[in-house]
Amino acid sequence: MKNPKAPLKRSQAWFGKQDRDGFVHRSWLKNQGYPHDELDGRPVIGICNTWSELTPCNGHFRELAEFVKRGVYEAGGFPLEFPVMSLGETQLRPTAMLFRNLASMDVEESIRGNPMDGVVLLMGCDKTTPALLMGAASCDLPTIGLSGGPMLNGKFRGQDIGSGTGVWKMSEMVRAGEMSMDEFTACESDMHRSKGHCMTMGTASTMACMVESLGLSLPDNAALPAADTRRNRLAQLTGRRIVEMVKNDIRMSDILTREAFENAIRTNAAIGGSTNAVIHLLAIAGRMGVPLNLEDWDRIGSHVNCLVNLQPSGKYLMEDFCYAGGLPAVMKEILPLLHANAMTVNGHTVAENIQQAQCFNRDVIKAADAPLVANAGIAVLKGNLAPDGAVIKPSAASAHLLHHRGRAVVFSSIEDFHQRIDDPHLDIDEDCIMVLQHCGPRGYPGMAEVGNMPLPPKVLKKGITDMVRISDARMSGTAYGTVVLHVSPEAACGGPLALVRDGDMIELDVAERKLHLEVSEETLALRRQQWQAPAKPARGYAKLYVEHVQQAHLGADLDFLVGNSGAAIPRDSH
Ligand code: FES
């Protein structure tokens with residue numbers, strides 16, 4: 001497949017010049033010991049690396065990059081590894097999501113400004129995947145994704161235990177008096193015991209599945225554990241393949257079509273994937289110029305059944321998923337729902353890639369006619385409480401709460417929530433609806449993963465494990481519950497969520513896609529008059545972010561980053 005769009009070997013605009021500038025570009029690079037013929041016109045492959053010791057999920061990426069380099073050299077290319085901002089989900093405050101767009105700018109400008117013909121994206125922890133895809137999409141060079149792979153299953157006292165999901169579960173047990181703090185702490189070293197990213201079907205695993213279902217990686221990219229040597233082999237093959245992609249000028253825009261996004265949305269439903277994928281795919285599509293909106297998620301994906309029995313929707317973990325056949329086995333089950341002829345980075349169609357796929361464990365990957373959860377894709381809710389939409393993940397919710405009417409208990413911020421939730425005098429019971437305000441893109445800022453608010457102890461002590469919760473926040477992909485998220489417009493913009501008061505009645509009806517605040521228009525208008533916009537950050541990136549971030553239903557990208565500028569950079573540096 002040869003693409004006639006553009007001349008090959010963009011890097012020759014640097015290294016191919018027979019003048020002073022060519023001397024400068026070549027000579028300084030040679031201080032690393034490269035012979036002259038490395039720069040003689042062979043494809044230069046950038047390896048975009050999110051390695052950082054502060055991003056534990058990506059801590060093995062320097063080693064992984066070495067395998068990519070092997071493959072690039074084998075195929076006749078010249079690899080150059082470069083770092084970009086890394087986002088560690090468990091370390092970065094106030095939330096890694098605040099910096100997704102900043103990291104994407106770093107990626108975009110690093111790719112465009114440097115002499116490379118193709119790019120390998122090394123991605124793992126939650127936000128590193130969308131940040132790299134967004135930045136690379138705005139350049140549109142030949143690009144291939146390589147995920148870092150999940151950790152091995154957590155093991156605690158003879159039981160499998162999953163990243164995040166196990167933490168939320170055990171911390172509720174501590175609060176309910178069912179587990180001691182000492183036992184809880186003892187689990188720390190057992191939950192995360194190998195390199196790799198979270199091994200539940202959280203956001204990192206979901207986004208790795210999105211990369212594979214979009215066709216942007218080689219098959220098997222999503223499930224192979226980081227500690228499995230087959231991951232290194234995949235890295236080497238990825239390095240070989242990107243050189244071929246450069247030779248054939250296969251670009252991101254050749255792969256990231258509307259059909260590819262539809263495949264990813266349906267796959268997300270089939271894997272019981274994270275709600276965070278909604279925001280990230282909308283943002284990536286926005287960079288690529290592919291029309292995609294929030295309603296597409298419901299229309300295309302909500303009736304797809306969940307087949308993958310992984311936490312948080314189910315029982316198993318990513319290591320089990322790999323041994324059961326991984327994503328190709330899932331995509332084979334839902335092939336009639338997919339665009340089978342969509343092209344992928346290896347030059348084969350989706351159908352060709354999954355032709356040989358097999359399922360080796362039917363309890364982990366269910367058959368299409370015997371799903372884990374029917375109609376499990378993301379549901380998009382609308383109503384006077386969320387005029388531009390909100391989302392819920394039915395596969396992680398309690399069936400009896402999917403239609404529920406309850407009295408609002410409102411928390412104006414996450415600090416307000418933490419201050420009052422353990423108060424035995426808090427007027428709340430299991431029928432109430434917990435409402436959290438000011439945690440959206442502008443409000444937090446950065447739209448933190450706080451939407452899965454822990455339940456009050458007095459409810460937990462009754463043995464109740466779920467209540468309806470509503471917010472403009474996100475939740476961790478490892479979390480579960482009847483949690484309405486991404487309410488848009490958010491409270492910090494004066495959206496109706498800001499106008500909810502204690503005691504208001506709210507109706508959630510997922511089947512009808514309805515989220516309704518039972519308060520008259522007159523009362524809401526009065527409350528709106530009294531509403532005051534929260535103070536904005538005074539300086540720095542947070543100021544830029546708050547002034548330009550779009551709402552959740554648009555993907556929460558910065559408004560001036562939407563779209564792409566290609567890879568051309570006509571001016572030289574000296
Ligand atoms: Fe990095 Fe979960 S904290 S993937």
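When a ligand or atom number is given, it counts from 1 through the structure's own listing order. A quick note: this is a predicted structure, and the numbers were derived from the prediction, not measured.
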Review point. Can you count the protein N, O or S atoms that lie less than 2.8 Å from atom 1 (Fe) of ligand 1?
Key: 2
Review point. When rounded to the nearest 0.5 angstrom, what distance separates CG in Leu281 from CE in Met288?
Key: 13.0 Å
Point to revise | Geometric cation-pi criterion Lys195 and Phe61, 6.0 Å radius, 45° cone | key: no
Point to revise | Lys/Arg-Asp/Glu bridge criterion (N-O < 4.0 Å) met for Lys69, Glu63 | key: no
**Study point:** Electrostatic pair Lys315:Asp363 at N-O distance under 4.0 angstrom
**Key:** yes
Check your understanding: Which atom names give the shortest non-hydrogen contact between Pro445 and Val546, and what distance separates them?
Key -> CB-CG2, 3.7 Å
Review point. What's the shortest heavy-atom distance between Asp220 and Arg231, and which atoms?
Key: O-NH2, 4.4 Å
